[in-house]
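Worksheet: one structure, shown below.
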Amino acid sequence: MTKVNVIQPGTIEAPPGDIPFLLLPERNTFQARASRLRALAEGHALADYLRFLAALARAQHESLSLFRRVLLPEAQELERCREHGMPPLGTRGWVRDPVWREALRGILTELEAGTLPEAGRATAARLKDTDDASLERVAETLLAGDYDETLDRAAIPFIGAALQAYWLHLVTTLGAGAFGRLETPHLCPACGSAPMVSVVSVGASDHGLRYLTCPLCSMQWHAVRIKCVFCDTTKGIAYYGIEGGSAAVKAESCEACQGYLKILYMENDPNMDALADDVASIALDVLMADSGITRRGTNFFLF
Ligand code: FE
Ligand code: FE
C-alpha cells in the first residue's frame with residue numbers, strides 16, 4: 001500500500017492584472033482559530049493538544065485588549081521600507097515594545113484559570129517567574145529561527161502566542177496600505193518571516209489565488225501557483241496527500257530544493273484556519289519526513 005500519492009497539479013493561473021497583493025488578517029483571527037481548533041479536536045488523535053491550542057488562541061484574543069498605547073513605526077519609516085522593499089516590522093529590525101511581555105503574562109494567567117494540562121501548568125508557572133531579560137532572549141532566538149538545543153521547547157507555544165498577538169495588533173492597526181512588496185518575495189511583507197503554509201482562496205476578488213501565510217503576524221501575501229516559493233522554479237513541483245485523507249491539505253514539494261510547503265484549498269473546506277489546519281494535518285508531515293523531503297513552513301506550535 002502506498003502511503004503517499006501524487007496529485008496532478010492544475011494549470012498555472014494567468015497572472016491577473018488587478019489582484020489584491022495583501023490580505024490583512026482580521027482582528028478576530030484568534031477567536032476564529034479557537035473555534036476551528038475545537039472543531040478539529042473532535043475525534044482527533046491530537047485532541048488534547050488541539051484543545052490546549054484552542055484555549056491558548058482564546059487567551060491570545062483576550063490579550064489584544066492590553067495593547068492600548070503601543071509604539072508604531074513612523075510614516076517616514078514606512079515610506080522608506082516601501083521604497084526599499086524592506087519589512088517595517090521585521091523580526092530582526094523592529095524594536096519590540098515591552099507590552100508583548102504583558103500580553104504573555106495575561107495569556108499565562110488566563111490559561112492557569114482554565115484547564116491546563118500538568119506539563120503546561122508547570123511551564124506557565126515557570127514563565128511567570130522568568131525575568132524580562134531572559135524572556136527577551138527566548139523571543140530573540142525564536143524570531144531568528146535559531147531552534148537549537150538551548151531554546152526552551154516547552155516555552156515556545158506561550159512565547160510564540162504572545163508575539164503573535166503583539167504582531168497581529170501591529171499589522172491590523174497599521175492596515176494593508178502600510179506595506180509594500182519585498183525584495184525577497186517569499187518573506188512576509190510586514191514582518192519578514194518565512195511562510196507557514198500557503199492557502200488557495202475562495203472569494204470575490206481573490207478566488208483561486210494562492211497566498212502565503214505568515215506564522216507571526218497572520219498576514220497573507222500573493223504568490224503565483226505551481227512554483228516553488230523558495231527557489232522560484234516551476235519544474236519538478238509535485239503535490240502529495242494522504243490516501244483517503246482530506247483533499248483540502250496537500251504538501252507542495254520541489255525537486256530542486258527537496259523541500260515542501262503545505263497548501264490548503266479553501267474550496268474544499270472554507271472553515272480552515274492556516275495555523276489550526278497545519279497542526280491538525282501533522283500526519284502529512286510525518287509521511288513527508290519518511291520520504292526524506294524537508295518541511296519548510298514555520299509554525300511555533302509544531303515542535
Ligand atoms: Fe508577518
Ligand atoms: Fe525549490
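We count ligands from 1, going down the list as the structure has it; atoms in each ligand are counted the same way. Heavy-atom basis, side chains included; hydrogens, waters and symmetry copies ignored.
- Between the side chains of Y260 and E252, no donor N or O sits under 3.5 Å from an acceptor N or O.
- The residue from C188, C81, P88 that alone fulfils the side chain to side chain contact (heavy atoms under 4.5 Å, CB included) condition with F179 is P88.
- Shown are the protein N/O/S atoms under 2.8 Å from the Fe ion (ligand 1), given by residue and atom: C188 SG, C191 SG, C214 SG, C217 SG.
- Protein atoms of type N, O or S found under 2.8 Å from the Fe ion (ligand 2) total 4.
- For D132, the salt bridge (Lys or Arg N to Asp or Glu O under 4.0 Å) criterion is met by R101, R105, not counting sequence neighbours.
- A cation-pi geometry, defined here as NZ or CZ lying under 6.0 Å from the six-membered ring centre and within 45° of its normal, holds between R181 and F21.
- Residues S198 and K262 have side chains that never bring a donor and an acceptor to within less than 3.5 angstrom of each other.
- Considering only residues two or more places apart in sequence or on other chains, F230 meets the ring pair (Phe, Tyr, Trp, His ring centres under 6.0 Å) condition with H186.
- Q164 and W100 are not linked by any side-chain donor-acceptor pair at a separation below 3.5 angstrom, with hydrogens and angles left out of the test.
- Between Y211 and H222, the distance from one ring center to the other falls under 6.0 angstrom.
- Between H169 and F67, the ring center distance clears the sub-6.0 Å criterion.
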